[in-house]
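Take a look at the structure set out below.
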Protein chains: 2
Amino acid sequence: MKFSTRTRYGLRFLVFLAMHRNGPDFIQLKQVAEEESISMKYLEQIVRLLKRSGLLAVSRGAYGGYALARAPEDITMREVFISLEGSLSPVGCLDGKLTCAKFGHCETFEVWHGLENAMSDYLVKISLKSLVDEYLEKNKKKTVAAIPPAPMERSVINV
Amino acid sequence: MKFSTRTRYGLRFLVFLAMHRNGPDFIQLKQVAEEESISMKYLEQIVRLLKRSGLLAVSRGAYGGYALARAPEDITMREVFISLEGSLSPVGCLDGKLTCAKFGHCETFEVWHGLENAMSDYLVKISLKSLVDEYLEKNKKKTVAAIPPAPMERSVINV
DNA sequence: GGATTTCCTACCTGATTGATAGGGTATAAC
DNA sequence: GTTATACCCTATCAATCAGGTAGGAAATCC
């Protein structure tokens with residue numbers, strides 16, 4: 001049970017926006033794709049999911065780009081994960097996708113239901129801001145590095 | 001992010017054993033496969049994972065079968081899930097499977113790490129016994145039905 | 001020895017993941 | 001208005017994985 005690159009890349013995109021709020025109003029997809037070593041065309045599709053969920057403010061046209069629709073402290077990981085994954089449920093029956101012969105009298109239902117709640121309860125407590133703050137705290141630097149890092153190898157798979 | 005049938009079927013197998021402890025010492029794979037509407041050959045592979053983890057006592061040969069290696073109250077969902085999934089980690093870097101360019105300075109590491117812990121903390125609190133007991137309580141019957149249910153359609157996907 | 005049941009390995013098929021590609025549409029700068 | 005830049009949408013595709021099938025070897029009971 002692993003989360004897909006869709007969710008991992010989408011989260012990284014949001015973190016990128018959160019960490020560059022002192023910069024220009026809108027951040028271009030191209031910039032994020034390059035600095036995060038993600039295919040721009042692929043990131044495009046992922047970002048669309050976030051936009052549909054209302055997490056992003058968009059400016060089209062030249063010099064346009066994306067920004068967070070709300071303050072980072074008002075965006076929870078729960079919301080982000082649901083936007084990207086569709087739901088948090090670890091089995092289909094919890095979001096009504098599958099008709100299971102055991103539905104309604106399933107011996108294992110409770111553990112799946114409880115697991116979803118446990119994940120939800122954890123993720124709702126983490127905001128985009130708290131995630132970024134914790135990272136900055138651990139890495140003992142208060143601002144983003146002025147000099148962007150050298151481009152990474154595209155072949156390396158990133159979280 | 002959905003759990004595979006491997007984990008779902010494996011869990012159901014263990015629940016089946018836990019609910020039939022008043023029966024014969026060893027339960028045949030064939031019986032479980034039929035009553036749970038799972039392909040016997042497929043269940044075979046899944047059960048092997050549980051055996052390797054030491055969760056099952058096995059008797060080979062004629063009249064052989066499987067039984068729980070320990071009392072149901074001593075088997076946690078955490079242990080079961082790890083046996084079947086390999087680990088609880090939602091991303092590869094947490095169990096060292098992927099070398100990620102961001103490892104060691106990853107902005108999103110904390111939420112993945114925290115999510116794994118949240119799942120682990122929940123699952124370790126649920127034992128095979130507590131899961132079964134909760135089911136029996138909700139279904140208001142203290143023993144397993146004497147008459148086995150009619151075989152279900154194989155085509156229906158079960159949790 | 002024969003019947004039964006677990007153990008092991010290989011194989012197959014369809015769905016999903018992780019992209020890539022190409023064009024269409026909207027907007028801002030000039 | 002032109003052009004450049006950026007977002008938007010659909011189709012395609014290779015690789016991987018999920019889910020399941022198949023055949024036989026090894027162990028055990030009678």
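In what follows, chains carry the letters A, B, and so on, assigned in the order in which the sequence lines appear, proteins first and then strands, with residues in each chain numbered from 1.
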From CZ of B/Phe26 over to P of D/dA27, roughly how many Å is that when rounded to an integer? 17 Å
Check nucleotides 9-13 of chain D against the protein and report each pair of N or O atoms closer than 3.5 Å, with its distance, or say if there are none.
from, atom 1, to, atom 2, distance (Å)
D/dC9, N4, A/Glu44, OE1, 3.1

Between the protein and nucleotides 1-4 of chain C, list every N/O to N/O distance that falls short of 3.5 Å.
from, atom 1, to, atom 2, distance (Å)
C/dT4, O2, B/Ala62, N, 3.0

B/Leu50 has an atom CG; how far is it from atom P of C/dC7, in whole Å? 11 Å
Atom-pair distance (CD1 on A/Ile27; P on D/dC7), nearest Å: 11 Å
Which residues satisfy the side chain to side chain donor-acceptor pair (under 3.5 Å) test with B/Tyr63, sequence neighbours excluded? none
Going by the salt bridge (charged side-chain N to carboxylate O under 4.0 Å, His left out) test, which pairs reach into residues 58-69 of chain B, not counting sequence neighbours? none
Please, which pairs that meet salt bridge (charged side-chain N to carboxylate O under 4.0 Å, His left out) have at least one residue in residues 112-133 of chain A, sequence neighbours excluded? A/Lys129-A/Asp133
Apply side chain to side chain donor-acceptor pair (under 3.5 Å) to B/Thr7 and list each qualifying residue two or more places apart in sequence or on a separate chain. B/Glu85
Measure the distance from NZ on B/Lys30 to C1' on C/dC7 and round it to the nearest whole Å. 18 Å
Without placing hydrogens or testing angles, list every side-chain donor-acceptor pair under 3.5 Å for residues 46-55 of chain A, not counting sequence neighbours.
from, atom 1, to, atom 2, distance (Å)
A/Ser53, OG, A/Leu49, O, 3.1
A/Ser53, OG, A/Ser83, OG, 3.1

Scan A/Lys51 against the nucleic acid and name what it touches under 4.0 Å (heavy atoms): base, sugar-phosphate only, or nothing. sugar-phosphate
Roughly, in whole Å, what's the span from CD in A/Glu34 to C1' in D/dA6? 14 Å
Does OP1 or OP2 of D/dT21 have a side-chain N or O of B/Ser39 closer than 4.0 Å? yes
In whole Å, what is the span from the OH atom of A/Tyr66 to the P atom of C/dA26? 15 Å
May I have the distance from A/Met40 (atom CE) to C/dA21 (atom P), rounded to whole angstrom? 14 Å
Give me the ring orientation class for A/Phe81 and B/Trp112: parallel if the planes are under 30° apart, tilted from 30 to 60°, perpendicular past 60°. tilted
dist A/Glu110:CD -> B/Leu131:CG (nearest 0.5 Å) comes out at 8.0 Å
Applying side chain to side chain contact (heavy atoms under 4.5 Å, CB included), name anything that partners B/Asp74, two or more places apart in sequence or on another chain. B/Arg70, B/Ala71
Using whole Å, report how far CG of B/Leu49 lies from P of D/dG19. 13 Å
Report the residues that fulfil side chain to side chain contact (heavy atoms under 4.5 Å, CB included) with B/Gln28, sequence neighbours left out, ordered by chain and then residue number. none
By side chain to side chain donor-acceptor pair (under 3.5 Å), which residues pair with A/Arg78, not counting sequence neighbours? A/Ser120
Set of residues satisfying side chain to side chain contact (heavy atoms under 4.5 Å, CB included) with respect to B/Gln31, sequence neighbours excluded: B/Phe16, B/Ile27, B/Glu35
Closest nucleotide of DNA chain C for B/Arg60 versus for A/Arg60: which of these residues is on the 5' side? B/Arg60
Between the protein and nucleotides 12-18 of chain C, list the N/O to N/O atom pairs that are separated by less than 3.5 angstrom.
from, atom 1, to, atom 2, distance (Å)
C/dG18, OP2, A/Thr5, N, 3.1
C/dG18, OP2, A/Thr5, OG1, 3.0
C/dG18, O5', A/Thr5, OG1, 3.3

